[in-house]
Amino acid sequence: TKTYSTIARLVGEAGDLKLMHSLLQQMQKEGCPVTPYFFADIMMAYGHLGKVKEAYLVFKEMKNAGLSPNQFVNNCLISILIKNGYLEGAKKVLNMMRSDDECPPDRVTYNMLIDKCGKSGNIVKAQQYCVEMRQRGLWPNEKSYCSLFGSLNKKGKIEKACQLFDAIKRKHKLVNRVTYTELIKGLGRAGETEKALEVFKKMEDSGCVMDVVVYNIMLDILVKRHLVSEAWKLFVSMQGKQFFPTVVTYNILISGFCMAKRVDEALRWYESMKQDGINPDCHTHSILVGGLCKGGQIDAAYKFLMEKQSACILKDNASRGNEGECVEREMVMSVAVHNVMLNAFVKAGRLETACTHLKVMEENGCTPDVFSYSIIVHGLGNAGKAKEASAMYKNMKESGIQPNLVTFNTMIDILGKAGMIFEVHEIVEEMKSLGLKPD
RNA sequence: GCAUCAGCUAUAU
């Protein structure tokens with residue numbers, strides 16, 4: 001069974017359902033017990049590729065094979081649905097579980113839903129799930145509370161968040177390092193740098209086990225307040241405590257130098273991270289492109305971007321087996337980096353260049369996303385070209401890209417200002433049909 | 001069952 005599961009994972013990643021079928025048949029022929037975990041592995045593989053439909057087909061396939069889903073498999077399905085933005089689907093699975101005495105929801109089930117509702121701003125719903133799990137005799141744990149706490153933080157309700165923090169600390173004693181980290185982050189976002197530092201120091205002094213994430217968050221707060229030299233001190237001291245910088249740490253510092261308009265230093269740090277053996281990622285590149293642009297060096301930014309773009313065709317040594325096989329794969333510069341560039345062109349009034357670059361992206365195998373189009377649409381609208389903006393908007397939809405709330409707001413603004421009231425109504429109707437509420 | 005659940009960095013209104 002283990003052998004087959006291992007193979008099944010690979011089959012799942014390759015997206016070959018047929019092969020999976022024959023594997024399954026072979027297993028049954030050989031009298032090899034097929035477990036739900038076998039199916040779950042395949043489902044998760046699909047899920048990570050964003051192939052929700054395929055994952056669901058595997059789920060159904062499992063039922064057809066006469067296996068009823070257990071809590072684990074249902075949770076996997078919920079996780080896949082949630083990660084890919086199908087909250088409604090996840091709720092349906094929950095409903096099935098609620099009415100299934102053999103397979104009721106467990107703490108993981110609720111934790112996932114609490115977290116997702118919190119992240120999408122529905123705190124009330126998140127709390128309802130929390131109540132419901134208690135009614136079922138399931139006790140919320142650190143993760144449940146941290147999700148709830150985080151949702152308040154996200155909404156900027158720092159006072160309520162602090163109250164909740166105190167409550168869960170006093171009543172349930174269910175706070176850990178992650179909860180403290182979340183608290184620091186919330187305080188930082190609320191502009192309470194001093195308090196954030198205070199909690200951070202308390203954490204350090206009380207002998208609480210730290211990790212690099214806590215340091216990264218503290219660094220980010222400092223850097224966003226333009227306290228670059230404070231950040232530098234922390235960067236040094238963390239290493240003295242054996243917490244070594246990751247790519248995120250470097251990205252934060254580099255963005256700090258960019259925000260402080262010290263782009264040269266940012267570029268030097270970019271070099272030194274590579275020397276430290278840490279690979280820059282798409283965040284690094286978009287931070288640098290943005291930094292160069294904001295420093296008025298648009299053309300340098302473009303040059304940098306195109307250089308990285310052509311360096312992107314490289315060997316991907318993600319060795320999956322022990323055979324040392326290297327998969328040659330074409331890597332593409334992340335859309336987000338191009339989007340930063342597009343935005344810079346638009347903001348500099350170089351609309352033509354931006355539109356040209358949109359095509360360059362596609363030629364380089366980098367598919368524009370909803371951000372790319374929104375940037376261009378907004379640029380056109382700002383230039384008083386409402387008709388062209390509309391055309392670009394249509395273009396986007398024809399490329400199979402769903403508009404989101406920001407896109408709709410942008411369009412409403414453009415059309416409204418151009419006096420195209422009828423078209424505004426069309427947009428509003430479109431929003432409704434997608435289940436989006438105007439904000 | 002070491003598998004499903006919480007915290008860090010970039011782009012649009």
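Numbered from 1 within each chain, the chains take letters A, B, ... in sequence-line order.
Put simply, NZ on A:Lys83 is 8 Å from C1' on B:rC5, counting in whole angstrom units. Atom CG of A:Leu342 and atom C1' of B:rA12 are 10 Å apart (whole Å). B:rA10 atom P lies 19 Å from atom OH of A:Tyr250, rounded to whole Å. Rounded to an integer number of Å, the gap from CD of A:Gln71 to P of B:rA3 is 18 Å. If you measure from atom CZ of A:Phe200 to atom C1' of B:rG7, you get 14 Å, rounded to the nearest angstrom. Atom OH of A:Tyr215 and atom C1' of B:rG7 are 16 Å apart (whole Å). Note: CG (A:Leu305) to C1' (B:rU11) measures 12 Å, nearest angstrom. The nearest whole Å value for the distance from the CZ atom in A:Phe345 to the P atom in B:rA12 is 16 Å.
Geometrically, A:Lys308 engages A:Phe304 in a cation-pi contact, judged by NZ or CZ lying under 6.0 Å from the ring centre and within 45° of the ring axis. Under the 6.0 Å distance and 45° angle rule, A:Lys63 does not count as a cation-pi partner of A:Phe59.
Contact annotation for A:Thr35: base contact, defined as any heavy-atom pair under 4.0 Å involving a base atom. As judged by a 4.0 angstrom heavy-atom cut-off over every strand, A:Val406 is placed among the base-contacting residues. At the heavy-atom level, A:Val214 lies under 4.0 Å from base atoms of the strands shown. Within 4.0 Å of A:Asn141, counting heavy atoms only, lies no atom of the nucleic acid at all. Counting non-hydrogen atoms under 4.0 angstrom, A:Asn343 reaches the backbone sugars and phosphates but no base. Heavy atoms of A:Asn404 sit under 4.0 angstrom from at least one base atom. Nucleic acid contact for A:Ser286: base, since at least one base atom lies under 4.0 Å from a heavy atom of the residue. Within the 4.0 angstrom heavy-atom criterion, no nucleotide atom of any strand lies near A:Asp369. Among the heavy atoms of the strands lying under 4.0 Å from A:Ala336 is at least one base atom, whether or not backbone atoms are also near.
Contact check, A:Lys119 against B:rA6: no side-chain N or O comes under 4.0 Å of OP1 or OP2. Residue A:Lys185 places none of its side-chain N or O atoms closer than 4.0 Å to OP1 or OP2 of B:rA6. Contact annotation: A:Lys347 reaches the phosphate of B:rU13 (side-chain N/O to OP1 or OP2, under 4.0 Å). Phosphate proximity of B:rA10 to A:Lys224: present, with a side-chain N or O under 4.0 Å from OP1 or OP2.
Closest contact between the side chain of A:Ser79 and the listed nucleotides B:rG1, B:rC5, B:rG7 involves B:rC5. Comparing B:rG7, B:rA3, B:rU9 by their closest approach to the side chain of A:Val248 singles out B:rU9. Comparing B:rG1, B:rG7, B:rU4 against the side chain of A:Met44 picks out B:rU4 as the nearest. Candidate nucleotides B:rU4, B:rU11, B:rU9 were compared by shortest atom distance to the side chain of A:Phe371, and B:rU11 ranks first. Taking every side-chain heavy atom of A:Asn111 into account, B:rC5 is the closest of B:rC5, B:rU4, B:rU13. Listed nucleotides B:rA12, B:rA10, B:rA6 differ in distance to A:Asp115; the shortest reach to its side chain belongs to B:rA6. Of the candidate nucleotides B:rU13, B:rU4, B:rG7, B:rG7 has the atom nearest to the side chain of A:Val178.
Crowding of A:Phe243 atom CZ: a count of heavy atoms from other residues, nucleotides or ligands under 6.0 Å exceeding 12. For A:Arg225, the CZ atom counts as loosely surrounded, since its 6.0 Å shell holds 12 or fewer non-hydrogen atoms of other residues, nucleotides or ligands. Other residues, nucleotides and ligands place more than 12 heavy atoms under 6.0 Å from the NZ atom of A:Lys274.
One can find a donor-acceptor pair under 3.5 Å joining the base of B:rA6 and the side-chain atoms of A:Asn176. With hydrogens and angles left out, the side chain of A:Ser147 and the base of B:rA6 share no donor-acceptor pair within 3.5 Å.
Ring geometry, A:Trp269 versus A:Tyr250: the interplanar angle falls from 30° to 60°, so the pair is classed tilted. The aromatic rings of A:Phe72 and A:Tyr37 sit tilted, their planes meeting at an angle between 30° and 60°.
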